[in-house]
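Take a look at the structure below.
All values derive from a computational prediction rather than experimental measurement.
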Amino acid sequence: SPLLAGDNSYTASAIERYTATVTERICELDNSLASLRLALGFIMDLATGDNVSPSEYRYHYENFIFRAVGVIDRSHRLVGASLMLDAKKYESSRGNLYVSKEVKEAYPAVYAALVSITTTVDSHKALRNAVIHASAFSNREFGLLSAFENLKIPVPDDVDLQGLMREHFSMNGGEVAIVISELEARLSDLLNSLGPIFAKTCPSGVELSKPDNNIAPHHLEH
């Protein structure tokens with residue numbers, strides 16, 4: 001290629017810039033899923049470990065919350081790039097609303113996929129906002145368990161505090177696993193809905209690069 005030959009004057013074609021931009025957006029989503037799986041792995045390790053720490057659990061659960069909510073933004077940006085919408089608008093703070101309005105009537109399948117992704121993560125948005133603006137993640141059970149650790153409250157002899165923590169973290173880990181599984185399915189639906197758009201935009205023989213973790217690689221081939 002001209003670039004490999006040292007030709008710095010090479011200018012990418014419009015289709016090359018398009019495929020590079022869309023591939024970058026797909027890889028961002030792929031990386032999000034990989035990070036969510038890592039967070040789940042850490043949570044489940046705590047649920048089976050010998051020395052369970054509420055503070056470590058909070059760290060990994062907050063990471064899961066931020067990553068999961070971030071999938072919503074990244075999904076809308078993928079759609080914006082795929083439809084060649086105004087990048088300044090779809091990357092802005094109101095970008096999700098802009099993209100949704102653009103696709104609601106013109107691309108109902110794409111719009112439905114975006115709604116499904118948002119719905120899957122919606123319950124965690126309030127937690128994300130609370131962590132950003134107020135305090136660290138907590139709920140009634142977690143607050144009680146943390147109190148024993150942070151306030152050095154003596155544990156009654158007949159209470160297996162470590163066992164209670166492992167049970168609580170395991171239950172929440174199961175919920176995290178369900179969210180990740182649903183997100184994978186919804187992202188696959190999104191790529192399916194974008195397939196006809198890719199086929200029309202990319203000429204025969206041009207392929208979008210496949211992400212390493214394979215959200216749904218067969219949908220990217222033309």
Side-chain angles (χ1 to χ4, degrees), residues 10-39 62-133 179-180 182-202 206-217 219-220 222:
Y10 174 73
T11 301
S13 66
I15 190 62
E16 286 172 330
R17 291 193 299 271
Y18 173 80
T19 55
T21 299
V22 172
T23 297
E24 180 181 1
R25 296 301 183 184
I26 293 173
C27 287
E28 287 175 355
L29 282 167
D30 202 57
N31 290 337
S32 291
L33 284 179
S35 296
L36 287 172
R37 295 186 193 109
L38 280 175
E62 287 182 353
N63 183 38
F64 159 73
I65 292 172
F66 280 104
R67 299 285 185 176
V69 174
V71 169
I72 298 175
D73 298 333
R74 292 185 172 193
S75 297
H76 283 77
R77 289 171 184 168
L78 167 61
V79 171
S82 301
L83 296 174
M84 294 181 282
L85 301 179
D86 187 332
K88 289 184 179 180
K89 290 184 178 180
Y90 70 68
E91 291 178 356
S92 71
S93 60
R94 295 177 62 82
N96 294 358
L97 181 60
Y98 163 68
V99 171
S100 293
K101 286 184 176 179
E102 291 292 321
V103 302
K104 186 173 183 179
E105 299 296 334
Y107 302 95
V110 175
Y111 177 75
L114 288 175
V115 170
S116 294
I117 291 169
T118 301
T119 302
T120 299
V121 187
D122 232 13
S123 63
H124 298 281
K125 290 178 71 175
L127 289 174
R128 189 277 306 266
N129 294 337
V131 170
I132 290 176
H133 300 295
V179 171
I180 294 174
E182 290 180 352
L183 274 178
E184 290 172 340
R186 301 293 80 76
L187 287 171
S188 180
D189 291 342
L190 178 62
L191 290 176
N192 270 327
S193 70
L194 291 171
I197 297 169
F198 295 148
K200 289 180 180 179
T201 307
C202 297
V206 175
E207 291 188 357
L208 296 174
S209 299
K210 303 178 182 66
D212 292 337
N213 290 304
N214 301 314
I215 297 173
H219 301 309
L220 308 184
H222 310 299

Quick one: does any side-chain atom of Ser75 pair with a main-chain N or O of Val71 as donor and acceptor, under 3.5 Å? yes
Across all chains, not counting sequence neighbours, the side chain to side chain donor-acceptor pair (under 3.5 Å) partners of Glu182 are none
*Is the shortest heavy-atom distance from the side chain of Ile197 to the side chain of Val110 under 4.5 Å?*
yes
Q) Is Leu194 close to Tyr107 at the side-chain level, that is, under 4.5 Å between some pair of heavy atoms? A) no
*Would you check if Val79 and Leu190 make a side-chain contact, meaning some heavy-atom pair closer than 4.5 Å?*
yes
Residues passing the side chain to side chain contact (heavy atoms under 4.5 Å, CB included) test with Ser116, sequence neighbours excluded, are Arg186
The side chain to side chain contact (heavy atoms under 4.5 Å, CB included) partners of Ser92 (sequence neighbours excluded) come to Arg94
Heavy-atom closest pair (Phe64 atom, Ala39 atom, distance to 0.1 Å) is CB-CB, 4.2 Å
* Asked: Can any side-chain N or O of Asn31 pair as donor or acceptor with the backbone N or O of Cys27 at less than 3.5 Å?
  -> yes
Tyr98 and Tyr90 have their tightest heavy-atom pair at CD2-N, 3.7 Å
Can you give the donor-acceptor pairs under 3.5 Å from side chains of residues 82-89 to other protein atoms, not counting sequence neighbours?
unit_1 : atom_1 : unit_2 : atom_2 : d
Ser82  : OG     : Leu78  : O      : 2.7
Asp86  : OD1    : Lys88  : N      : 3.0

Quiz item: Any sub-3.5 Å donor-acceptor pair from Thr19's side-chain atoms to Glu16's backbone N or O?
Solution: yes
Interatomic distance, CG@Leu33 vs CG@Leu38, rounded to 0.5 Å, equals 11.0 Å
Taken to the nearest 0.5 Å, the spacing of Asn96 CG from Leu114 CG works out to 8.5 Å
- Item | Heavy-atom side-chain proximity of Arg37 to Glu184 below 4.5 angstrom | yes
Answer yes when Glu28 and Arg67 have at least one side-chain N-carboxylate O distance shorter than 4.0 Å, and no when they do not.
-> no
Residue pairs passing the salt bridge (Lys or Arg N to Asp or Glu O under 4.0 Å) test with at least one member in residues 98-119, sequence neighbours excluded, are none
Sorted by chain and residue number, the side chain to side chain donor-acceptor pair (under 3.5 Å) partners of Arg77 (sequence neighbours excluded) come out as none
Rounding to 0.5 Å, atoms CG (Asp189) and CD1 (Ile117) come to a distance of 8.0 Å
dist Ser188:OG -> Asn192:CG (nearest 0.5 Å) comes out at 5.0 Å
Those residues at least two apart in sequence (or on a different chain) that pass side chain to side chain donor-acceptor pair (under 3.5 Å) with Ser35 are none
CG of Leu183 to OG1 of Thr120, rounded to nearest 0.5 Å, is 5.5 Å
